[in-house]
Every structure is written in structure tokens, then in C-alpha cells.
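I have placed the structure first, in the form of C-alpha cells, so that the comments after it can refer back to it.
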Amino acid sequence: MQRLLLVSVFVIATCGLIYELIAGTLASYLLGDSITQFSTIIGTYLFAMGIGSWASAKVDKNLLAFFVRIEILVGLVGGSSAAILFLLFDQVASFRFLLYFIVTVIGILVGIEIPILLRILKDRYEFKDLVSRVFTFDYIGALFASILFPLVLVPHLGLIRSSFMFGIFNVMVALWLLYSIKEPLPWARLHKIAAGIVMIILTLGFISSDKISSLAESNSFAGHVIFAKSTPYQRIVITRQQSDIRLYLNSNLQFSSQDEYRYHEALVHPVMSALQAPRNILIIGGGDGLALREILKYPSVAHVTLVDLDPAMTKLFSSSPMLRKLNQDSLHSPKLKVINADAFMWLKHLGANRPIFDAIFIDLPDPSNFSIGKLYSTAFYGLLHTVMGPDSLAVIQSTSPLVARKSFWCVNNTLRASGFQTSPYHALVPAFGDWGYVIASNRPYTVPTRYPAGLRFIDADTARDMFSFPPDMGPIATKIQRLDDQALIHYFDEEWSKYLIY
């Protein structure tokens, strides 16, 4: 029995940390700002475990039977938590209350487990051996969970299926004890029935995880979800409504096929048309290949390096016939080299023989969390200097100067603080509203008057007007975005939280 209970420590420790990681990841997917979400989830979870540990002292009788009941409850609540949270994200008035309520309940139940096990085993080991063995298995289980979660569970099973699977493991511990221990347990038959029912529920949930995920996302997104995948970096969802194809990353809209040409023409052509025969191009982000599609309209382009963190993005947009049609097969261009890496670290470690790029396009998601925020910082913009020549141009997508005025000008002001001359501009993209960009250069920039034939949005008149700002979007003073003080993230969260579209 002793060995059985010690193995149970390993299992419940693994399950407990997995539930915590699932809650933190799910919150960062749905609510943004991963550092805040993980910090508050972990704090709430640990506090709840403390309550559970304190409450365990109130249990005086039938400890083994009580432990079995706790395992069944942890399995039921923890195992179904991801499905419940995804399904109710758009259905409840206060999602955060529901999130922290479920995290608290799981934390209390998990906090009860180890103290009860210690008391069950106290007469079977000396105190020093008991504590060392229980906590050894507990910490090994935590290490195992922390490795398993990002490498196996998220990329291969997803959050909902992983949650159900570890709920099943908790209930298996209960059943294992019920059928292995010879000691008579009160209400043993009822415990077995309850464990069996919960096991059936969790198994059906595990089998139906894809359907649950599709149902949850169909409630969250307009149109029919035609692709959904969780990667170690983000949640990728593609929807289709009639002819409109939309990409969402972590629930945030990235483009609508009906008007993405406006965004990408505005991003690319004011830079490319201002250069004399640009040859060597760098794209940071842009794994959908849409900015690349516009860049390849210039015959002088000889080499394009695309640095995107998530290989699932570049693979998806280079393999799906529907998406390849949208980007005009740009990701299969022989001029292209794809590098799946963190752009900050890639630039930092280029070495002494750094290439010089004629044009750099920074087509990243909005600065909604601190991990993306580092790519909008003075440290990152300092690295850009090392791969730009005197005549090179870089452009950064910079959110909406109308909705997020402080955020937009923070990007501009941070570039200036990093030693660049800046030329901010904006364009109307109906799916997003009025959208902003900033060109960074080492010399004064002049708006070009000639553009490639066949563009649908940009011409000389349109481009000239984009560099004019009305008073309600005009320049304002802001803090500078630095690695150790990411003011931009706070601006962005403050401004966009007022709008339902974010």
C-alpha cells in the first residue's frame, strides 16, 4: 500500500501542475497579456492550495475514503475545466470571475491531497523518511509536468484533450486505491459507482474534444471554423464566412481576406517604391506570406529572409491550397528563405558578418503581451540598426492611431529614441478600422510618387494622404518602450480594452 500511495503522489503532482498550466495558457490565449495571466493564475492557485491544506486539518476520520473522494472531485473539476472555460468564454457576463472561481476550486482540492496522504502514511514511515519520499515524488511529478506540457500536450493534444486526460488519471488513482487496498472503506460501492460515472464523463469528453473545441470557437468567431490548432506559441484559428477568410491568433483578428490587400499594400509599397532597386529584404513576422506577395511584385528583389517564430504558421500558409491562393504561392518562391526563430535572438546572434537589408518589414501581432512587446522595444530597434545601411528603410505595423493613440505614438517615439528618423502614416482597413504604420530610416524619407501597376489601393494620391494626421490622431508625448519597462503593453491594454473588437 505504501508504494501505491507514493506512486499516487507522483500522479497527483503531475495532474495538479498540468491544471495550473492549462488555466494560465488558456487565460493568456483568451485574455492576452501572458505575464499578467500566468502571474495571477499561479498566485490564485497557490493561495487556494493553502486554503486546502488548512482545511485538510478539519478531516479526522476515514482519511483514505476522503482521499478517494478528493481524487474523484479533482478529476471531474480539473478534467473538465478547459472545456467549460472555452465553451463559456463568450456566454458569461464575467469570464474572469468564472476563471478564477474554477482555479480556486481546483487549487483547494489539490491543496488537500498531500496533507491527507501524509497523515495516511504517517504510521508507515519515520517522519523524516515520510516527508522526504512524499516531496521527492511531488517535485519529480512537477518537473515531469513542466516538460510534458509544452513539448507534448499543447502541440499534440491541445488544452481541452489534455485536461480531460489528466482528469482521467486522477480518477484512475481513486479506482486504483478502491480496488487494490484490502482495508474496508465506508461506502466503497458508492465510491466505485461515482468514480465510474466520472470516468465515463471524462472519457467521452476526451473523445469529443475536437467537437467541443469547434463548438467553443464557433461561438467565439463569426463564420465557420475551418482550421484550429494550438502550438507552443499561440492558438491559430481560421474561419470562413462565404468568401471571407479570417485568421485569428490567440483570438485576435490578424486579417480578413476581403480587405487584407489594403493593409499589406499600405505596409509594403510606401517602403519598396521609395528604394532604388531593392534586392535584399527582411520580413519579421508575416508568416501568412501576404506581405511577401506584395514584395515579390518588385523584379529587383533577389533575396527575402522571413523570420517567423511559429513553424506551424509558415507550414499552414505554404500547404493549404486555399491559403496558397490567397498569398499567390509566395511562400514557395525560390527567392525566399524561411527561418522559424525568435526574431530578437536571431538578430542578436547573427555574428560579425551581418547582412545588410535594403528593406525590413516588421509585420508582428499587436503588442498585447510582454513576449511580443520585446520586439517593439529600444533593445530590438537597436538591433535593427546593425542590419540597415544608410539608405535602408524599415516599417513597423503599429496598431490604430485612432483607437490606441498612445500605443501608436509610443512605437513612433521609441523608434526615435533608438536613433531613427520616423515617418508615421495610417490607412483605412475596414476589418480593423484606421490602422497605423511607422517607417524608420537613417535619412529623411520622401513619399514616392510611382508604384507598381495593378495595385488595388495604393496610388500616388492615396499614399500622400496617408502621411497626414487629423487632430484626434496627431502626435502626443508617451513613455519609451524598454525591455525593463514595457509601457507600450500597458497603453495597448488600457486603450483596446475599451473596444469590443479586441
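Note that this is a predicted model, so its numbers are computed, not measured. Along the sequence shown, the residues carry numbers beginning at 1.
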(message) What I want to check is whether the side chains of Arg246 and Thr239 have a donor and an acceptor closer together than 3.5 Å.
(response) no
(request) Indicate whether the side chain of Thr478 and that of Arg405 have a donor and an acceptor atom separated by less than 3.5 Å. (result) no
(message) Would you say Asp363 and Tyr263 are linked by a side-chain donor-acceptor pair, where the criterion is simply a distance under 3.5 Å?
(response) yes
(request) Check the side chains of Trp496 and Thr399 for a donor-acceptor pair under 3.5 angstrom, ignoring hydrogens and angles. (result) yes
(request) For the pair His490 and Phe370, name the ring-plane relationship: parallel under 30°, tilted 30 to 60°, perpendicular over 60°. (result) perpendicular
(message) Among Ile284, Leu383, Val307, exactly one meets side chain to side chain contact (heavy atoms under 4.5 Å, CB included) together with Phe344. Which residue is that?
(response) Leu383
(request) Grab the two heavy atoms, one from Met165 and one from Leu157, that are nearest each other, plus how far apart they are. (result) CE-CD1, 3.6 Å
(message) Once you measure the plane-to-plane angle for Tyr381 and Phe420, does it fall in the parallel (<30°), tilted (30-60°) or perpendicular (>60°) bin?
(response) perpendicular
(request) With Lys192 as the cation and Tyr179 as the aromatic partner, state whether NZ or CZ is under 6.0 Å from the six-membered ring centre and within 45° of the axis. (result) yes
(message) Could you tell me if Asp308 and Thr314 have a donor-acceptor pair between their side chains, going purely by distance under 3.5 Å?
(response) no
Please table the atom pairs, donor to acceptor, closer than 3.5 Å between any side-chain atom in residues 70-77 and protein atoms at least two apart or in another chain.
residue: Glu71; atom: OE1; partner: Asn170; partner atom: ND2; Å: 2.8

(request) May I ask you to check whether Gln234 and Asp310 show a side-chain donor-acceptor distance below 3.5 Å? (result) yes
(request) Quick one: sort the Trp435 and Phe432 rings into parallel, tilted or perpendicular, breaks at 30° and 60°. (result) tilted
(request) Please round to the nearest 0.5 Å and tell me the distance separating atom CG of Leu153 and atom OG1 of Thr25. (result) 10.0 Å
(request) Indicate whether the side chain of Gln481 and that of Asn413 have a donor and an acceptor atom separated by less than 3.5 Å. (result) no
(message) Which label fits Phe317 and Phe255: parallel for a plane angle under 30°, tilted from 30 to 60°, or perpendicular past 60°?
(response) perpendicular
(message) Under the rule for salt bridge (Lys or Arg N to Asp or Glu O under 4.0 Å), what residues qualify as partners of Arg161, not counting sequence neighbours?
(response) Asp210
(message) If we count only N and O atoms by modelled type, under 3.5 Å, do the side chains of Arg482 and Ser377 hold a donor and an acceptor together?
(response) no
(request) Not counting sequence neighbours, list each pair that qualifies as a ring-ring contact (aromatic ring centres under 6.0 Å, His included) and has a residue in residues 59-90. (result) Phe89-Phe95
(request) Decide if the gap between the ring center of Tyr45 and the ring center of Tyr19 is smaller than 6.0 angstrom. (result) no
(request) Verify, without hydrogens or angle tests, whether Ser318 (side chain) and Leu331 (backbone) share a donor-acceptor contact under 3.5 angstrom. (result) no
